[in-house]
Amino acid sequence: MKIEGFAYRRVQVADGVALNAAVGGSGSPVVLLHGFPQTHLMWRHVAADLAADHTVIAPDLRGYGDSDKPADPDGTAYSKRAMAADVVALARELGHERFALAGHDRGALVAIRAGLDHPDAVTHLASLDVLPTLDMWDVMRGVRGAIGFHLYLMAQPPGLPEQMISASADAFFGHFLDIWTKNPDAIPAEARAAYLKASREAVPSIVADYRASAGIDVEHDTADREAGRRLTMPVTVLQQDWGSALGFDAAGLWREWAGDLDHRTVSSGHFMAEEDPAEVTKALRALLAR
């Protein structure tokens, strides 16, 4: 399954790491980063719309889909810093020193890190349905934290999480595709099958990505917070109403990271780029106009 009308490239972005990327359209560049448990295909509707007047680049993240999945012997290969550097290198190899960046879920964490590490490259930033890593861990307290059980499972040392998930991969990944969507028809059978296949073939790297968010990513974010570093570009955040559900001020947390912030609560489920692509595209176009 591919995004119709887009060309596909394999682009070397680091030693031993090439990303699979769909590229389409023309105009100012926009890079779209997918989330879990998905691939670049989650952007198919939004990408096609934006390609009318933008160059749209939609890669599979390191460790996902048809991109390379390097080993992670020391817990750094899937830091959001490394994954963000991949994205900057990808855009540069395709001829773009500066670009707008939108990420969903895991891709949003990569986008946030790219905005912090590479402010001269990222002109605009959109985050779909996550909190920055430090805030995410902070709000997951008591029984309310059960909603993020997978975060704790994949944070464990190498071995057991990979074994448990691999033993029932389709049930594990399919669980999130089911419970995180309000409109199951938004993810048709062909897309669901593609997501499940890609995920079952990438269990070690997906777990390594999540494990990094309980380790080295926390170190990097803590250093930024202590140094007072913030996102300097215009930022749009689209989120479900997690604040009401879990008892925190989502917009307030985001304002600690971004001064030029447009925070919006959506009515769709987690997979908003598929459930309500028109609303997501509208928000991205408004961001690009700022």
Side-chain angles (χ1 to χ4, degrees), residues 10-21 31 33-40 59-93 101 103 105-119 121-122 130-138 140 148-167 169 172-173 198-227 229 257:
R10 280 190 64 80
V11 179
Q12 195 79 20
V13 295
D15 290 342
V17 181
L19 299 188
N20 171 61
V31 179
L33 306 179
H34 67 85
F36 163 92
Q38 299 183 297
T39 68
H40 75 281
D60 290 331
L61 294 167
R62 171 191 294 224
Y64 288 80
D66 289 328
S67 290
D68 286 344
K69 304 168 180 64
D72 186 32
D74 61 0
T76 65
Y78 293 90
S79 72
K80 302 310 155 291
R81 176 158 288 162
M83 296 170 81
D86 288 349
V87 174
V88 173
L90 170 67
R92 184 177 297 122
E93 287 297 316
L101 182 59
D105 189 85
R106 308 304 295 173
L109 299 180
V110 176
I112 294 164
R113 175 46 55 193
L116 290 167
D117 283 1
H118 306 277
V122 180
V130 297
L131 289 173
T133 300
L134 289 182
D135 300 307
M136 173 191 72
W137 287 116
D138 190 52
M140 291 290 181
F149 79 93
H150 60 299
L151 300 173
Y152 297 92
L153 171 62
M154 290 191 275
Q156 302 309 308
L160 184 62
E162 293 87 344
Q163 181 180 357
M164 292 177 65
I165 294 168
S166 295
F172 180 77
F173 296 115
S199 296
R200 89 171 70 98
E201 293 176 351
V203 171
S205 53
I206 290 175
V207 174
D209 169 29
Y210 273 86
R211 186 177 289 122
S213 286
I216 192 167
D217 294 343
V218 172
E219 295 176 17
H220 292 159
D221 285 9
T222 299
D224 281 338
R225 174 160 284 176
E226 291 176 350
R229 296 189 192 95
W257 291 99

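All figures in this text were calculated on a predicted structure; none of them were measured in a lab.
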In this structure, CG of Leu61 is separated from CG of Leu33 (nearest 0.5 Å) by 5.5 Å
d(Asp217 CG, Thr222 OG1) to nearest 0.5 Å is 10.5 Å
Electrostatic pair [X]-[Y], nearest N-O below 4.0 angstrom:
| X | Y | value |
| --- | --- | --- |
| Lys80 | Asp209 | yes |
| Asp224 | Arg113 | yes |
| Arg81 | Glu219 | no |
| Arg62 | Asp72 | no |

May I have the step-by-step check of side chain to side chain contact (heavy atoms under 4.5 Å, CB included) for Val17 and Asp86, ending in yes or no? CA-CA 8 Å; Val17 181; Asp86 288 349; 4.2 Å; yes
_Test item: side-chain donor near acceptor, Arg106 and Ser213, under 3.5 Å_ =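 Yes, a side-chain donor-acceptor pair sits under 3.5 Å.
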Can you tell me if [X] uses its side chain to pair, donor with acceptor, with the backbone of [Y] under 3.5 Å?
| X | Y | value |
| --- | --- | --- |
| Gln12 | Ala14 | yes |
| Tyr78 | Pro70 | yes |
| Asp105 | Phe36 | yes |

Closest non-hydrogen atoms of Glu162 and Pro157, given as atom of the first, atom of the second and distance, are OE1-O, 4.5 Å
Does CE belonging to Met140 count more than 12 external heavy atoms closer than 6.0 Å?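 Atom CE in Met140 is packed in, count exceeds 12.
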